[in-house]
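All chains are named by letter (A, B, ...) in the order of the sequence lines, taking the proteins before the strands, and each is independently numbered beginning at 1. Quick note: numbers below take in every heavy atom, side chains included, and nothing from hydrogens, waters or symmetry partners.
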Amino acid sequence: MHNVFEALNERGFVKQTTNAEQVAHLLSEGQVTYYVGFDATATSLHVGSLVPIMAMAHLQRAGHKPIAIIGGGTTMIGDPTDKTEMRPMLSQEQIATNGNGILAQLQRYLNLGNGIADLNNSQTTSEVGGFLNNADWLLSVNYLEFLRDIGKHFRVNEMIRAEGYRQRLERELGLSFLEFNYQLLQAYDYLCLFQKYGCRLQLGGDDQWGNILAGVDLVRRVEGERVHAVTFPLLTTASGAKMGKTAGGAVWLDAERTSPYEFYQYWINTDDRDVSRFLAYFTFFPMDEVRRLGSLEDEAIREAKEVLAYEVTQLAHGKTEADKAQTASRAAFGGGNLDDAAIPTSAIASERLETGIPIMELFHEVGLANSRSEARRLVQQGGAYINEIQYRAIDTVVDTNLLEADALLLRAGKKRYRRITIKENQL
RNA sequence: GGGGGUAUGCUAGAGCGGUCAAAUAGGGCAGACUGUAAAUCUGUUGGCUAUGCCUACGGUGGUUCGAAUCCAUCUGCCCCCA
């Protein structure tokens with residue numbers, strides 16, 4: 001086994017470790033079971049989760065065994081690190097549903113075994129990996145036992161020294177007892193995973209460092225064993241924005257929420273300064289290649305962006321979708337024709353077009369504007385195009401005269417396209 | 001348990017009882033310039049059947065010709081004391 005830890009480090013995945021040498025040693029000695037926790041608040045992960053996912057994938061490729069857990073139990077509490085708001089409490093069914101969606105996405109990158117998608121019955125992991133819900137062990141926890149067996153290992157004065165909590169306290173934000181306990185539960189997860197599956201390495205975002213360390217300590221105190229932790233740097237784009245956020249909200253891995261085309265576009269629009277980092281994180285290219293692409297400058301860097309976008313899209317959605325997205329993208333921005341483009345399409349009843357649809361209404365209806373007023377502004381400001389012809393009159397009515405090959409190509413601003421097809425009269 | 005403070009649009013944050021759909025900044029969107037980048041400049045940024053109408057300034061109820069602005073009460077959050 002070559003040294004995966006070095007590889008991860010080189011790619012920028014490592015922010016903090018319990019002890020770099022020991023972690024490297026551990027990973028070079030034999031198969032290591034490692035785990036990462038994922039948020040189960042939605043049915044889909046978004047691109048922010050790609051960092052842990054890719055790190056897990058690198059480790060699995062090196063022969064180690066991944067366990068992904070979703071926080072069915074911890075979601076019911078709310079993580080204090082998420083300072084802005086308490087996470088919504090979700091029902092167990094909801095979490096299970098979300099979990100299934102998330103598992104499907106993880107499986108594109110990892111082999112988590114099979115037969116464990118059923119979260120009601122997830123207490124097993126296969127040879128290659130596993131997917132667990134921490135509700136399995138947290139829900140049955142007895143408060144008094146928990147205090148006695150787990151709680152006694154935590155020192156409050158130590159806990160409040162942790163950055164996350166300290167900030168909360170110093171900035172006078174307040175911290176509920178409920179939130180305060182989050183750390184114990186997360187630590188308990190690690191202990192359970194160590195006991196049942198021999199898990200010896202936990203990975204997570206750097207904001208989780210305190211919680212993860214608590215788990216490391218707990219295992220040492222209860223079992224007298226040394227387990228490890230590695231955190232990832234928290235990604236922001238060069239312009240300071242949170243990774244994976246765009247105007248339309250988060251960039252999801254689910255094709256239903258974020259189409260492969262939009263997904264591709266997100267990566268194409270990467271800030272120049274981020275290209276090389278992102279190639280290291282989000283593709284499997286050897287570092288030599290990453291460095292080569294990352295060193296491109298000025299216009300040539302678009303080549304690197306295209307490679308990045310294609311690769312990431314292919315990983316998330318498969319080759320077919322990636323090809324389609326790339327073709328569509330090239331056509332839309334390279335001047336080619338758009339006929340076979342994978343541009344989001346909406347259908348409109350033919351009779352409505354015969355009557356004529358006010359342009360504002362059309363743009364609003366297909367989702368290129370959030371309201372008619374917004375559509376009106378779009379038109380007035382010269383951002384509305386139909387078949388690449390700009391329309392600035394708000395009283396424009398779209399009817400069958402504008403059809404080209406039985407379709408309309410709408411464009412809002414420079415980048416957002418929507419194809420309109422005709423739907424025959426409804427039955 | 002007692003006392004005090006605060007609650008505004010996506011966010012932060014102004015706001016004399018009328019001229020407040022609400023200053024300003026950030027963010028978003030559009031335009032110009034570009035490389036589908038960044039930076040910069042300009043415009044715009046609640047909704048609608050649109051020179052007017054509706055909904056909004058934590059909830060409810062009052063005072064008033066008129067309230068985001070005053071009063072009462074409820075709720076949330078914060079601070080001090082216990």
Side-chain angles (χ1 to χ4, degrees), chain A residues 78 80 82-86 167-179 236-251 259-279 293-310 312-313 325-336 338 341-343 355-361 363-365 367-386 388 390-395 397 410-418:
Chain A
D82 192 353
K83 295 176 208 47
T84 48
E85 58 199 272
M86 288 265 285
Q167 269 181 19
R168 274 291 274 263
L169 295 169
E170 281 177 4
R171 291 173 61 205
E172 302 170 350
L173 278 169
L175 177 69
S176 74
F177 185 67
L178 186 76
E179 296 169 293
T236 51
T237 60
S239 49
K242 216 179 215 175
M243 182 75 204
K245 294 284 182 190
T246 65
V251 179
S259 72
Y261 175 75
E262 293 170 280
F263 188 83
Y264 183 92
Q265 285 300 318
Y266 174 77
W267 296 102
I268 276 281
N269 284 315
T270 299
D271 190 302
D272 285 9
R273 294 166 288 178
D274 291 325
V275 171
S276 133
R277 276 197 307 152
F278 286 5
L279 281 166
L293 288 166
S295 65
L296 296 174
E297 283 178 1
D298 300 324
E299 288 190 41
I301 202 166
R302 282 185 302 161
E303 182 200 327
K305 290 184 185 180
E306 193 168 59
V307 171
L308 172 69
Y310 182 82
V312 181
T313 307
Q326 185 169 62
T327 309
S329 181
R330 279 177 178 166
F333 295 98
L338 284 153
I343 286 171
T355 328
I357 303 174
I359 188 165
M360 303 156 22
E361 192 174 323
F363 272 77
H364 171 221
E365 198 171 313
L368 290 173
N370 290 322
S371 68
R372 290 185 184 210
S373 294
E374 195 175 304
R376 168 187 300 271
R377 266 173 241 130
L378 187 72
V379 173
Q380 284 171 339
Q381 295 178 10
Y385 295 77
I386 300 175
E388 296 303 326
Q390 186 185 57
Y391 289 82
R392 300 194 72 139
I394 55 168
D395 52 2
V397 171
L410 303 189
R411 192 178 115 208
K414 285 178 208 153
K415 298 176 188 171
R416 288 145 57 220
Y417 284 86
R418 181 110 346 168

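Here B:U34 presents its C1' atom at 11 Å from NZ of A:K305, a figure rounded to the nearest Å. Atoms CG (A:D271) and P (B:U34) sit 19 Å apart, rounded to a whole Å. Protein atom CG of A:L296 is 14 Å distant from nucleotide atom C1' of B:A37, rounded to whole Å. A:K415 has its NZ atom 13 Å from the C1' atom of B:A30, to the nearest Å. Atom CZ in A:F333 sits about 8 Å away from atom P in B:A37, given to the nearest Å. The nearest whole Å value for the distance from the CD atom in A:E299 to the P atom in B:A38 is 15 Å. Between the CD atom of A:E303 and the C1' atom of B:U36 there is a distance of 16 Å, rounded to whole Å.
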What one-letter contact string describes nucleotides 44-54 of chain B from 5' to 3', where B marks a base within less than 4.0 Å of any protein heavy atom, S marks contact via sugar-phosphate atoms alone, and - marks no contact? SS-SBSB----
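With sequence neighbours excluded, the residues that form a side chain to side chain contact (heavy atoms under 4.5 Å, CB included) with A:T270 are A:W267, A:D274, A:V275, A:F278, A:L308. Under the rule for a side chain to side chain donor-acceptor pair (under 3.5 Å), A:Q380 has no partner lying at least two apart in sequence or in another chain. Taking A:K415 as the reference, A:N269, A:F333 meet the side chain to side chain contact (heavy atoms under 4.5 Å, CB included) condition, with sequence neighbours excluded. Under the side chain to side chain contact (heavy atoms under 4.5 Å, CB included) criterion, A:Q326 pairs with A:Y264, A:E306, A:Y310, A:R330, sequence neighbours left out. Under the side chain to side chain contact (heavy atoms under 4.5 Å, CB included) criterion, A:S373 pairs with A:S371, A:R377, not counting sequence neighbours.
The shortest side-chain heavy-atom distance between A:K305 and A:D272 falls under the 4.5 Å cut-off.
Across B:U36, B:A32, B:G35, the shortest atom-to-atom separation from the side chain of A:D298 is found for B:G35.
Contact annotation for A:L378: backbone-only contact, meaning every heavy-atom pair under 4.0 Å involves sugar-phosphate atoms and none involves a base. Residue A:R416 is in sugar-phosphate contact alone, with no base atom involved, counting any heavy-atom pair closer than 4.0 Å across all strands shown. A:A384 comes within contact range of no nucleotide atom at all, as no heavy-atom separation falls under 4.0 Å. Note on A:Q380: nothing from the nucleic acid sits closer than 4.0 angstrom, heavy atoms only.
The partner of B:G43 is B:C29, judged by Watson-Crick or G-U wobble contacts that both fall below 3.5 Å. Base pairing annotation: B:A22 forms no Watson-Crick or G-U wobble pair, as no partner gives both donor-acceptor distances under 3.5 Å.
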